[in-house]
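When reading the values below, keep in mind they use all heavy atoms of this one structure, side chains included, and skip hydrogens, waters and symmetry mates. In the text below, chain A, chain B and the rest are named by the order of the sequence lines, each starting its count at 1.
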Number of protein chains: 2
Amino acid sequence: MNETRPSSKPLYQQVKQHLVYRVLKGEWKPGQCLPSEMRLAEEYHLSQGTVRKAIEEMASEGLVTRQAGKGTFVTSHNGDYQPFRFHRLYRNAGGKVAGNEATYLETRQAEADERIAHGLHIAPGSTGTESLRLRHLDTQPVLLERIFLSDDLCPEAWRILQQHSPGSIYLILEQEYNLLITKVVEQVRARAATAEEARFLSIEPGVAVLEVERVAYSLGGEPVEWRTMVGMTDTIHYRNEMG
Amino acid sequence: MNETRPSSKPLYQQVKQHLVYRVLKGEWKPGQCLPSEMRLAEEYHLSQGTVRKAIEEMASEGLVTRQAGKGTFVTSHNGDYQPFRFHRLYRNAGGKVAGNEATYLETRQAEADERIAHGLHIAPGSTGTESLRLRHLDTQPVLLERIFLSDDLCPEAWRILQQHSPGSIYLILEQEYNLLITKVVEQVRARAATAEEARFLSIEPGVAVLEVERVAYSLGGEPVEWRTMVGMTDTIHYRNEMG
DNA sequence: CAGTGGTCTAGACCACATC
DNA sequence: ATGTGGTCTAGACCACTGA
């Protein structure tokens with residue numbers, strides 16, 4: 001297979017790029033199994049080692065998961081995959097703030113304000129679904145979440161969110177809209193609590209609160225979800241490990 | 001080389017482990033060059049491919065840097081290596097908060113308080129060096145830093161810090177104490193500014209500020225540096241990308 | 001020019017899953 | 001028993017670096 005290709009990039013990079021494209025267009029859905037290395041090697045007329053290197057890179061980026069003896073599977077948020085890999089909020093004592101202690105306050109149709117429009121790269125005033133959730137630690141409210149999904153990518157999302165008990169939004173995005181969240185960008189700020197936030201969090205207005213503003217991106221790099229998480233940091237903190 | 005080793009771990013993992021140990025004990029210092037793949041393969045009586053896989057993992061973890069045609073080098077904070085890879089504070093407009101706009105306020109000997117002692121796993125009251133720095137954006141003060149280095153790992157650090165113009169602490173740690181920082185853990189909180197912070201940052205006491213508490217770990221996993229960074233978030237924010 | 005890492009091949013054996 | 005990914009080998013050619 002040494003046909004003196006003028007194409008600059010290494011073969012395994014080209015294979016990887018093509019496989020990512022095929023995952024993206026849904027040829028193999030999340031949870032499903034890719035063809036084996038041998039089959040792909042035959043298909044692309046390359047050696048097993050070259051295909052392996054392509055798949056290994058995809059695995060290291062979390063796009064697929066490999067299991068010896070079974071096969072290579074497209075990463076899914078359900079299944080055995082870590083559901084809280086994007087959570088950076090921890091109780092000051094120790095463990096993560098789990099998702100099962102949340103209550104929906106409200107889910108409604110809404111329009112994107114300036115800030116949301118900027119984050120999702122959509123026009124201000126675009127319609128979508130807005131959802132408010134309150135997370136508790138023991139019985140104490142600690143975190144107020146505001147989530148926005150654009151109608152462009154997630155039409156009728158409010159219907160689905162109203163039905164579901166508070167679960168993983170990203171699981172719903174994957175199952176209902178075939179949108180796999182692979183990247184999030186968060187901006188953290190400190191500011192004074194608004195009157196509304198103070199009411200929900202049982203604190204005084206003006207107290208210092210942490211605000212995490214998140215934009216979640218799909219596998220294709222499209223901004224999908226915008227959310228803010230607001231809470232006091234007497235019981236929780238934002239934690240980030242690098243290196 | 002298939003001598004039916006009972007040793008459970010793969011060969012390339014064992015090689016990697018041994019190479020990391022050799023880097024750790026200073027056989028090759030930061031910036032220096034490791035032996036070539038061929039030489040190491042001969043030394044360990046293994047094939048080049050196996051040694052390559054060991055080195056590739058070290059490179060992906062940032063321990064070494066590889067350059068085709070030249071060799072494999074132990075990662076150094078000077079040289080061409082990215083100096084701000086642990087910085088997560090950005091101006092709200094755009095770019096990172098650079099390090100060259102800092103002024104030293106004070107560097108002195110000090111004792112570890114409860115919080116520092118907890119972060120660095122040392123006894124409260126242990127002696128060390130404490131340094132205060134103020135970072136500016138244009139002419140406006142935006143960030144107050146408090147840095148603590150234990151005398152155990154960094155004896156006489158105050159002498160060095162007093163001499164240096166405000167530069168990278170991690171470069172000094174590497175050059176003076178042979179401590180290569182490879183991991184940091186940060187906790188972010190919101191709270192009201194103290195009177196001292198308000199004075200330095202030219203704000204009112206009680207205003208909401210962001211506090212980043214960082215512990216930096218050396219290649220061996222030892223906690224080396226403790227620091228807090230405090231600032232308002234009208235001009236800067238903490239930004240984190242995941243995925 | 002010789003030496004380096006980067007790519008690619010073709011084969012081997014292994015531990016593990018599934019049937 | 002068959003097929004999967006995981007490890008390991010031995011050799012090839014390439015682009016790049018530096019003397």
Below 4.0 angstrom from OP1 or OP2 of [N], is there any side-chain N or O of [X]?
X: Lys70(B); N: dG18(D); value: yes
X: Tyr12(B); N: dT7(D); value: yes
X: Arg66(B); N: dG6(C); value: yes
X: Lys53(A); N: dC8(C); value: no
X: Ser36(A); N: dT4(D); value: yes
X: Thr72(A); N: dT4(D); value: no

From [atom1] of [X] over to [atom2] of [N], roughly how many Å is that when rounded to an integer?
X: Arg39(B); N: dG5(C); atom1: CZ; atom2: C1'; value: 14 Å
X: Phe73(A); N: dG5(D); atom1: CZ; atom2: C1'; value: 11 Å
X: Gln48(B); N: dT7(D); atom1: CD; atom2: P; value: 18 Å
X: Met38(B); N: dA10(D); atom1: CE; atom2: C1'; value: 10 Å
X: Glu42(B); N: dA10(D); atom1: CD; atom2: P; value: 12 Å
X: Leu34(A); N: dG3(D); atom1: CG; atom2: P; value: 19 Å
X: Gln67(B); N: dG18(D); atom1: CD; atom2: C1'; value: 13 Å
X: Tyr44(B); N: dC8(D); atom1: OH; atom2: P; value: 14 Å

Between the base of dG6(D) and the side chain of Arg52(A), is one N or O donor paired with an acceptor at under 3.5 angstrom?
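Side chain to base: pair found, below 3.5 Å.
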Looking at side-chain heavy atoms only, is the closest gap between [X] and [Y] below 4.5 Å?
X: Arg214(B); Y: Glu225(B); value: yes
X: Val20(B); Y: Met58(B); value: yes
X: Glu241(B); Y: Glu186(A); value: no

Nucleotide of dG5(C), dG5(D), dT7(D) approaching Glu37(B) most closely (side-chain heavy atoms):
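Side chain of Glu37(B) sits closest to dG5(C).
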Where the side chain of Ser47(A) is concerned, which of dG18(D), dT9(C), dG5(D) is the nearest nucleotide?
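Nearest listed nucleotide: dT9(C).
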Going by atom types only, do Trp226(A) and Glu213(A) share a side-chain donor-acceptor pair under 3.5 Å?
yes
Name the pairing partner of dT7(D), where a pair is Watson-Crick or G-U wobble with both distances under 3.5 Å, or state none.
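When the pairing criteria are applied, dA12(C) turns out to be the nucleotide that pairs with dT7(D).
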Kindly assign one of parallel, tilted or perpendicular to the pair His237(A) and Tyr90(A), based on the angle between their ring planes and the thresholds 30° and 60°.
parallel
